[in-house]
Amino acid sequence: MLVAAAHAQPTLFNFQGQLSVAGEPVSGEFDLRFTLHDTAAQPAQVGSALTNAPVGVTNGLFSVALDFGSAAFNGGPRWLQIGLRPNGDTNEYVTLSPRQPLTSTPYAIRSLNAGSASNLLGTLPATSLTGTLPDARLSPNVALLHTNVVFLGSVTATQFNGGGAGLSNVPAAGLIGTVPDARLSTNVAFLNSNAVFKASVVGSNFFGDGVGLTNVPGRIFEYIATATNIQATANFGYLATNPTSPVVVTLPATANIRLGETVRVTGAGAGGWVVAQNAGQVVLLGEMADTVGFAWRTNETARAWKAVAASADGSKLVAVVAGQNIYTSTNHGVNWTQRAASVGNQNWSAVTSSADGTKLAACVNGGFIYTSTDSGVTWTGRASSGNRSWTGIRSSLDGARVVACASGGTGGIFISTDSGATWPASPSLGIASWSGIASSGNGAHLAATVQGGQIYTSTNSGANWTAREINRAWSCVTSSADGSRLVAGVTGGFLYVSPDFGNSWIPFDTSATWTAVGSSADGNRMIAVANGGGVYVSMNSGMNWQLRANLPVSTIAYTGAAVAGDGNTLVALATSQPIYISSQTSTTAGTAGMLIGSQLSAVELQHVGNGVFVPITYTGTIRAR
């Protein structure tokens, strides 16, 4: 393409050219696109592209008017690049080469107002100015030496001189010398004074004895308590060493101990220890405190009480009276309600309860077995059990399997698998003077005693039985929930304990007329009562027994006994006496409550929320108040 001529006009100029292909001029209509550039070859573009379509070409000649505006011409060189394509074609423009330099003629645009500098448009090169501009004519964005300057962006220099009193955010690497302690913030920790960090402190290694550390996961720091009174801190252990008086360790205030944190107390000195409580705090005992079985209260009135059973938590109790009626309690024996009025007075001989206290079963010596599915509110006589001399009855924890024994000519072992609705006889045992029956929690392990015979055990829900021990005047038997620990009594003989499902038996060498025995679910706490012999309690699975001297002994005909599944409620019955209950599920709430530990006893208490603590480990003799 050849540039023929260019004529200046105000921002608009004509461009004439000649178009030829292979040296021959062409004719027709074409689309032309024009762009400005500041170099002959680089791709940088000045201003916007102009498109003329269609443009008529005759014998290779064409003429177009172009207006790139005054901003496109600042005095620098400009080249015009042309692209073309046939009119109506949608393909890309074909760029013609080379670019065409624009001569001075278009730059006449810049001289339109050259007569007056006040009317200049665009950018004036600084080299065109002479003299000094007054400060007032400068932009407010220009920094002046005699005023304060605020730079909104970064300021970079090889060197700054001056006092730097107003500087902020100066990198420490730019400082020279040592900053005095007095110039540092009060939030800076100093090595020569105590420091209290109010946020997390993270480090790869800490050194020192850590005596002041608290809330350290997985670590209990022993503190030997020689003082009489200690205020406990969460996650600390205290070793009480006083030889005469107990060390009183007060639990942390509820606000100062988080959920899951613990306090440990161990008694090395003969004075032992006391764990004291704050207002609103309480310790749930579980089976920890030996207070259960020491303190007893009387409930109900004197009746011919015969047998008693308890729910797993001891809240629901059921007791039967020989020749009278059935009584139930829903508040650990504090209050009792007479039941089975429609059944009438009968010679009740035994009673049992499911773990939740909902399903009950009671038997009559010379009558039927009766069942209840509403905690004793209503009772149903089961004629299928037969009119027999029933002497004992026990149920599984869910109350679905119930086993009963009867003596006399129609006696035997009878097993129900439908909560006492039907009563088929055990096929492996026949008539005998059956005196007692026991069942594991699932009903698989059974034990039965014969008055003047042996003890029999079953490991398959009564399908088969094995004779154990020798002929004795066996009167009663009970079992732990898993069936492994058994205790049986002999009329005019000893108590016998088995730790191995009845395979072997260990005698307790106190002879009495044992009438009833009971066991906690884990077999740890046991109770045994004797006619004229008193109440005995074992806290170690029958290995040792202690007579509870604070209960009547020689003049009382004790007839029934029970232990709640959790071991926190013990019940003893006697003829013509009230009901005797020992129950303590927790310490007394508030500052009146406490735990008392003797020498060589220990406890670790965990806070479970809202001022409630539970023992997670303990050993030795511990009592609650």
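These numbers were taken from a predicted model, which means no experiment stands behind them. Note: hydrogens, waters and symmetry copies are ignored here, and every other heavy atom, side chains too, is used.
Proximity of a side-chain donor or acceptor of Ser498 to a complementary backbone N or O of Leu486 within less than 3.5 Å is not detected. Of the possible polar contacts, none joining the Ser439 side chain to the Ser396 backbone as a donor-acceptor pair under 3.5 Å is found. Using a distance-only test at 3.5 Å, with no hydrogens or angles considered, no donor-acceptor pair links the side chain of Thr241 to the main chain of Ala268. Judged by distance alone, with hydrogens and angles left aside, the side-chain atoms of Ser461 form a donor-acceptor pair with the main-chain N or O of Gly443 at under 3.5 Å. At least one donor-acceptor pair closer than 3.5 Å links the side chain of Trp305 to the backbone N or O of Gln577. Using a distance-only test at 3.5 Å, with no hydrogens or angles considered, no donor-acceptor pair links the side chain of Glu604 to the main chain of Arg264.
Residues passing the ring pair (Phe, Tyr, Trp, His ring centres under 6.0 Å) test with Tyr496 are Trp474, sequence neighbours excluded. Take Trp514 and apply the ring pair (Phe, Tyr, Trp, His ring centres under 6.0 Å) test, not counting sequence neighbours, and it matches Tyr536.
Ring orientation note: the planes of Trp348 and Tyr370 are nearly perpendicular, at an angle over 60° on the 30°/60° scale.
Looking at Thr301 and Trp336, their side chains never bring a donor and an acceptor atom within 3.5 Å of each other. For Thr337 and Asn335, the side-chain atoms include no donor-acceptor pair closer than 3.5 Å.
Among residue pairs with one or both ends in residues 180-194, none qualify as side chain to side chain donor-acceptor pair (under 3.5 Å); sequence neighbours excluded.
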